Amino acid sequence: MDEGYVELVLSIVEQIPPGKVATYGDIAELIGIGGPRQVGRVMSVHGGAVPWWRVVRSNGRPVRGIEPRALELLRRDGTPLRHDRVDLGVARYHPG
DNA sequence: AATTTGACGACCG
DNA sequence: TCGGTCGCCAAAT
C-alpha cells in the first residue's frame, strides 16, 4: 500500500471522475482515519497535485477560501451545480 | 509539554 | 437558511 494515509487520501481523490464529487467525511470513513479534518489537512498540504476541487464539504459547498476557483473548475467538469452549491444528490461519488 | 489551529461534520435553536 | 456549539485528531506554535 503506502507509507501513510496521505498517499491513500490522494489516491482516492485522483479516482474521482469529472462531474462527480466526494465529501471529506466519506473519504475519512473509507480509509478509516480519525475524522474529516485529517483529510482536509492532507489536502491543504498535498492537494495541489490532485483534483482538490472535486472534494467538497458535506453540505455540498466547495472548499473554503477558494470557492470562486472551485466553482469554475467544477463547472468545467460539468458538475451539477445549484447556484453556488453542488447537487450532491446527483454528483456525489462513492469512492472505493 | 500545553495550547491553538484547521481545505470538517453533526446537532440545535 | 444562518449562526453557534461540541467532537474529532494531527500539525503548528
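On a predicted model such as this, the values are computed, not experimentally measured, just so you know. Letters go in sequence order (proteins before strands), and every chain restarts at 1.
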| Residue pairs fulfilling salt bridge (charged side-chain N to carboxylate O under 4.0 Å, His left out) with at least one residue in residues 69-81 of chain A, sequence neighbours excluded | A/R54-A/D77
| query | For DNA chain C, which residues in residues 41-72 of chain A have a heavy atom at a distance below 4.0 Å? | reply | A/R41, A/R61
Using residues 88-96 of chain A as the side-chain source, report each donor-acceptor pair under 3.5 Å to any protein atom, sequence neighbours left out, with the distance given to one decimal.
| from | atom 1 | to | atom 2 | distance (Å) |
| --- | --- | --- | --- | --- |
| A/R92 | NE | A/D26 | OD2 | 3.0 |
| A/R92 | NH2 | A/D26 | OD1 | 3.0 |
| A/R92 | NH2 | A/D26 | OD2 | 2.8 |

| Listed by chain and number, what are the side-chain hydrogen bond (donor to acceptor under 3.5 Å, both in side chains) partners of A/R82, not counting sequence neighbours? | A/D87
| note | Ordered by number, residues from residues 83-96 of chain A within less than 4.0 Å of DNA chain B (heavy atoms) are none
| said: Run the salt bridge (charged side-chain N to carboxylate O under 4.0 Å, His left out) test against A/R64 and tell me which residues pass, sequence neighbours left out. | reply: none
| said: Suppose we screen for side-chain contact (heavy atoms from CB on, under 4.5 Å). Which residues come up paired with A/P68, at least two apart in sequence or across chains? | reply: none
| request: Using side-chain contact (heavy atoms from CB on, under 4.5 Å) as the criterion, list what pairs up with A/A22, not counting sequence neighbours. | output: A/I16, A/I27
| field | By side-chain contact (heavy atoms from CB on, under 4.5 Å) - contacts of A/V50 (at least two apart) | value | A/L10, A/V13, A/E14, A/M43
| field | All side-chain contact (heavy atoms from CB on, under 4.5 Å) counterparts of A/L74, not counting sequence neighbours | value | A/V21, A/W53, A/T79, A/L81, A/V86
| message | If I take atom NZ from residue A/K20 and atom CD from residue A/Q15, how far apart are they, to the nearest 0.5 angstrom? | response | 15.0 Å
| request: Just jot down the side-chain hydrogen bond (donor to acceptor under 3.5 Å, both in side chains) partners of A/R41, sequence neighbours excluded, or say none. | output: A/Y5
| task | Provide the start and end nucleotides, 5' to 3', of the part of DNA chain C that has atoms under 4.0 Å from heavy atoms of chain A. | result | C/dT1 to C/dA11
| request: Return the value, rounded to whole Å, for the distance between atom CD1 of A/I12 and atom C1' of B/dA7. | output: 16 Å
| said: Tell me the interatomic distance from A/D26, atom CG, to B/dG9, atom P, rounded to whole angstroms. | reply: 9 Å
